[in-house]
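Take a look at the structure set out below.
Atoms considered below: every heavy atom in the structure, side chains included; atoms not considered: hydrogens, waters and symmetry mates. Throughout, a chain's letter reflects where its sequence line sits, starting with A, and its residues are numbered from 1.
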Amino acid sequence: MQTERYNPQITEPNWQKVWTERDLFTTDNNDPREKYYVLEMFPYPSGRIHVGHVRNYAMGDVVARFKRAKGFNVLHPMGWDAFGMPAENAAMKNKVHPKGWTYDNIAAMRSQLKSMGLSLDWQREFATCDVAYYHQQQKLFLDFLKEGIAYRKKSKVNWDPVDQTVLANEQVIDGKGWRSGADVEQRELTQWFFKISDYSDDLLNGLEGLDRWPDKVRLMQKNWIGKSEGMSVRFAFEDTDHDPLEIFTTRQDTLFGASFMALSPDHPLTQQLAADNAGLAAFVAECRKHGTSVVAVETAEKQGFDTGLRVKHPLQDRTLPVYVANFVLMDYGTGAIFGCPAHDQRDLDFANKYKLSVTPVVLPTDADAADFSIATEAYTGPGKIFNSDFLDGMTIEDAKQTIAERLESTQLNGEPQGTRQINYRLRDWGISRQRYWGCPIPIIHCDDCGPLPVPEEQLPVELPDDIDFDTPGNPLDRHVTWKQTTCPNCSKSATRETDTMDTFVDSSWYFARFTAPKSDNPTEPKAADSWLPVNQYIGGVEHAILHLLYSRFFARAMSQCGHMSIDEPFEGLFTQGMVVHEAYHDGQERTWYSPIELRFEGEGADRKAFLIENGQEVTIGKIEKMSKSKRNTVDPDDIIKTYGADTARWFVLSDSPPERDVIWTDAGVEGAHRFVQRVWRLVQEVAALEDSKSPHDHALTAAAHKALHSIEADIEGLRFNRAVAQIYELTNAVSAQLSKNNNADSGAVRNAFEMLLHAMAPMMPHLAEECWTHLGHSDLIASRPWPKVDEALLSEDTIILPIQINGKRRAEISVSKEASKQEVEEAVLAMPAVQKALDGATPKKLIVVPGRIVNVVV
RNA sequence: GCGGGCGUGAUGGAAUGGUAGACAUACCGGACUUAAAAUCCGGAGGCCGUAGGCCGUGGGGGUUCAAGUCCCCCCGCCCGCACCA
């Protein structure tokens with residue numbers, strides 16, 4: 001039979017129009033059905049979507065369409081994470097206004113997303129740079145201020161002394177500014193913070209209830225919060241009148257192995273000492289010649305400066321030298337440590353460098369105290385305490401308790417020598433950014449009254465449009481009039497806060513805003529409470545810590561301010577893998593080429609790439625994350641135009657497990673498209689069948705029910721690749737039946753095929769719709785319920801058991817499902833293969849796992 | 001440096017501790033065609049081979065009747081590290 005090829009260029013826009021006209025995906029907050037909120041992380045409007053977006057949004061759309069078919073009232077919204085640095089970089093480079101650039105990008109990406117046929121409620125769309133959105137965010141800030149959640153303190157930034165601007169960590173390359181190349185300096189500024197540390201324990205405990213989150217993400221968050229039980233210990237100085245040095249440790253059991261003290265370069269005492277110690281001042285200045293990031297601190301070579309001061313060991317008659325060391329972080333604990341080189345690698349590296357003593361105090365179980373020593377590798381495992389006076393022989397845990405009791409009961413200057421303390425690694429969230437394209441912090445600074453909130457009736461504080469990027473730095477700060485205002489308290493002239501908020505603030509509550517996107521308040525608490533938590537949140541694993549932790553914090557803070565009453569924003573979380581692609585370059589990684597500019601020859605190691613334009617050979621580089629700068633992105637427009645949205649969706653959903661990275665190949669797309677055409681050919685054949693009432697217990701009917709049952713479970717578990725494999729198998733089964741050309745089966749074939757269409761409708765909605773209509777139906781498959789699976793058809797009467805001999809599969813046996821263990825054993829022992837293996841002997845062991853396997857041990 | 005993850009045929013991958021390689025892609029052979037494309041049918045982890053074996057899930061060790069899966073060590077790659085989003 002000759003059929004026309006399926007033409008997605010015609011059918012896809014047509015069905016998108018029908019869905020829009022019938023308002024199929026607009027969600028009513030008052031719909032009485034059970035709710036289901038599915039959300040994909042909203043995109044940054046970079047200009048074009050890439051296949052990574054297609055993957056993310058295709059997954060969410062499958063869930064949304066599936067849940068709709070299962071009878072839920074589904075909320076599936078979309079918006080734009082629209083503030084941030086790229087708009088300012090574009091402004092500087094191309095002389096375009098960040099606002100215009102951003103909204104143009106949004107328009108382009110919106111139209112690309114629409115061409116994918118996503119079942120989104122576009123009525124709820126917003127961008128975080130919409131005044132209406134950041135107006136509400138400013139109200140949230142003021143609420144937080146009132147509640148004591150927002151406050152000001154000093155903290156460090158990366159300062160580019162040439163460009164006179166604050167740099168983001170990614171703009172600091174090897175300690176130098178990315179544009180100027182100047183050595184970056186650390187500079188202290190007074191900035192706004194959110195008190196996320198007040199919620200440390202609650203954020204930690206909340207993880208336990210998140211049973212639909214990946215374990216790895218919960219573990220990462222747990223480690224990030226970093227609760228640790230230890231002690232604060234005070235060390236008295238020798239020969240000086242400085243206050244005792246207070247340190248935090250979790251290893252008080254190793255106190256007898258202490259060989260030095262180390263202060264952070266930012267420690268107040270360091271500052272004090274540096275004032276009249278030129279050498280120390282120079283050392284501190286050197287430490288500040290790199291970026292502020294933890295990576296920069298921890299990967300730098302360990303260096304120290306001996307202050308010449310000494311402290312007294314609290315339990316022994318000896319003193320310890322006090323160093324300033326570049327690897328001690330001021331943000332953690334007290335900014336000072338005692339170093340026990342034998343049992344901490346960083347301390348050991350440091351001690352070896354400065355020739356400090358190394359005394360082991362924990363003896364591994366299998367080691368001998370007489371010859372146990374530490375050279376270049378610290379011992380951090382379990383063992384018994386030794387070389388430690390009254391602690392000798394104890395376990396680490398007992399020693400920790402004993403020493404804690406001792407130090408708590410010892411006095412130093414009228415206070416305990418040490419106290420037990422719980423410490424968190426989690427730091428407060430600094431939200432001030434010295435940039436234009438962000439949400440203005442609604443604060444007015446008055447010389448007399450200090451920083452004051454902008455009165456609510458004066459909100460929003462809008463970003464001025466008339467700004468320039470001719471000079472680096474914050475355009476808000478140098479704007480001639482915007483800054484000037486009057487004090488809401490004393491009415492004298494005052495200035496506006498010119499810092500804007502971290503863009504993570506924008507994305508920490510957008511999920512709540514979607515529940516009432518037009519509200520004059522940040523949320524409508526009733527709507528928020530009825531929709532939240534998001535039932536299924538889907539996004540990249542790169543957001544596993546920061547974005548998700550900040551959102552969890554915001555839910556708590558917003559609840560505290562009465563905007564909602566849920567603590568955990570995301571009930572189910574799925575972290576998808578990235579889409580990666582080969583990157584092609586000139587051999588020096590200076591000029592990069594897009595895959596569409598190239599032609600390829602050969603296979604495997606002989607594979608070569610040439611520029612289509614002039615035949616010049618280019619280097620095939622690493623497979624890496626798609627990025628604009630390396631030009632290895634694949635724009636889905638090309639695929640959608642050539643093969644259609646369904647093919648693009650189908651391809652990104654098939655093959656790879658969704659949590660894993662995928663390498664994009666065009667060959668895969670062609671293969672996926674062949675399946676689209678194959679379904680189209682099948683529907684012609686099915687539609688042409690004469691109607692017959694074939695028996696319902698037909699094998700194909702059972703296969704269809706089984707497939708549907710398992711596809712359902714796979715979609716629920718977001719195992720789209722397995723659902724796709726099931727759909728292939730069912731398609732093969734329908735094809736096989738059709739090719740038998742037996743009209744008596746036509747009812748079963750048609751029934752199975754319609755189930756197949758329902759199963760693939762969430763993934764390839766246009767094709768399913770077209771086929772459904774082709775079969776003569778007048779309704780839409782997008783608004784039909786998921787077919788009901790007949791449980792009775794799911795089980796088999798007989799099962800095939802594999803038979804192992806000594807753990808290797810040697811035969812199989814077909815037995816009744818009801819067969820008893822004894823019957824199976826007898827049947828197995830009677831088998832020729834088993835008889836042969838036994839050779840007259842009795843088996844040493846006979847393991848029968850009912851319904852699974854039999855293992856005969858000879 | 002620290003924290004988290006991943007590693008299975010030519011390729012993407014499948015496998016509640018229970019038949020390793022489902023399903024798909026690429027490939028090979030056949031049918032159809034003047035030819036090609038498309039389509040349909042068949043083949044296929046490697047090695048030896050008549051039967052039938054042996055080896056095989058990054059490498060090494062271990063637990064178990066049974067290990068891709070659990071434990072220990074190592075190698076490689078990826079993500080995050082608080083101002084990229």
When the side chains of residues 504-511 of chain A are checked against the rest of the protein, which donor-acceptor pairs come out under 3.5 Å, sequence neighbours left out?
from: A:Asp506; atom 1: OD1; to: A:Gln137; atom 2: NE2; distance (Å): 2.7
from: A:Ser507; atom 1: OG; to: A:Phe504; atom 2: O; distance (Å): 3.3
from: A:Ser508; atom 1: OG; to: A:Phe504; atom 2: O; distance (Å): 2.6
from: A:Trp509; atom 1: NE1; to: A:Tyr133; atom 2: OH; distance (Å): 3.2
from: A:Trp509; atom 1: NE1; to: A:Gln137; atom 2: OE1; distance (Å): 2.9
from: A:Tyr510; atom 1: OH; to: A:Phe42; atom 2: N; distance (Å): 3.4
from: A:Tyr510; atom 1: OH; to: A:Tyr537; atom 2: OH; distance (Å): 2.6

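Partners of A:Arg435 by salt bridge (charged side-chain N to carboxylate O under 4.0 Å, His left out), not counting sequence neighbours: none found. Residues satisfying the salt bridge (charged side-chain N to carboxylate O under 4.0 Å, His left out) test with A:Lys222, not counting sequence neighbours, are none. Under the ring pair (Phe, Tyr, Trp, His ring centres under 6.0 Å) criterion, A:Trp80 pairs with no residue, sequence neighbours left out. Taking A:Phe327 as the reference, A:Phe350 meet the ring pair (Phe, Tyr, Trp, His ring centres under 6.0 Å) condition, with sequence neighbours excluded. Evaluation of the salt bridge (charged side-chain N to carboxylate O under 4.0 Å, His left out) rule for A:Arg433 yields A:Asp502 as partners, not counting sequence neighbours. Scanning for side chain to side chain contact (heavy atoms under 4.5 Å, CB included) contacts around A:Ser293 gives A:Asn169, A:Val295, A:Ala296, with sequence neighbours left out. Every residue was checked against the ring pair (Phe, Tyr, Trp, His ring centres under 6.0 Å) condition with A:His290, not counting sequence neighbours, and none meets it.
Residue pairs satisfying the salt bridge (Lys or Arg N to Asp or Glu O under 4.0 Å) criterion with at least one member in residues 843-858 of chain A, sequence neighbours excluded, are absent.
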Produce the list of close N/O pairs, under 3.5 Å, pairing protein atoms with atoms of nucleotides 36-41 of chain B; give distances to one decimal.
from: B:U39; atom 1: O3'; to: A:Arg681; atom 2: NH2; distance (Å): 3.4

Tabulated below should be each protein N or O lying under 3.5 Å from an N or O of nucleotides 46-54 of chain B; please produce it.
from: B:C54; atom 1: OP2; to: A:Arg810; atom 2: NH2; distance (Å): 3.2

I'd like a table of atom pairs between the protein and nucleotides 70-72 of chain B - only N or O on both sides, under 3.5 Å - with the distance next to each one.
none

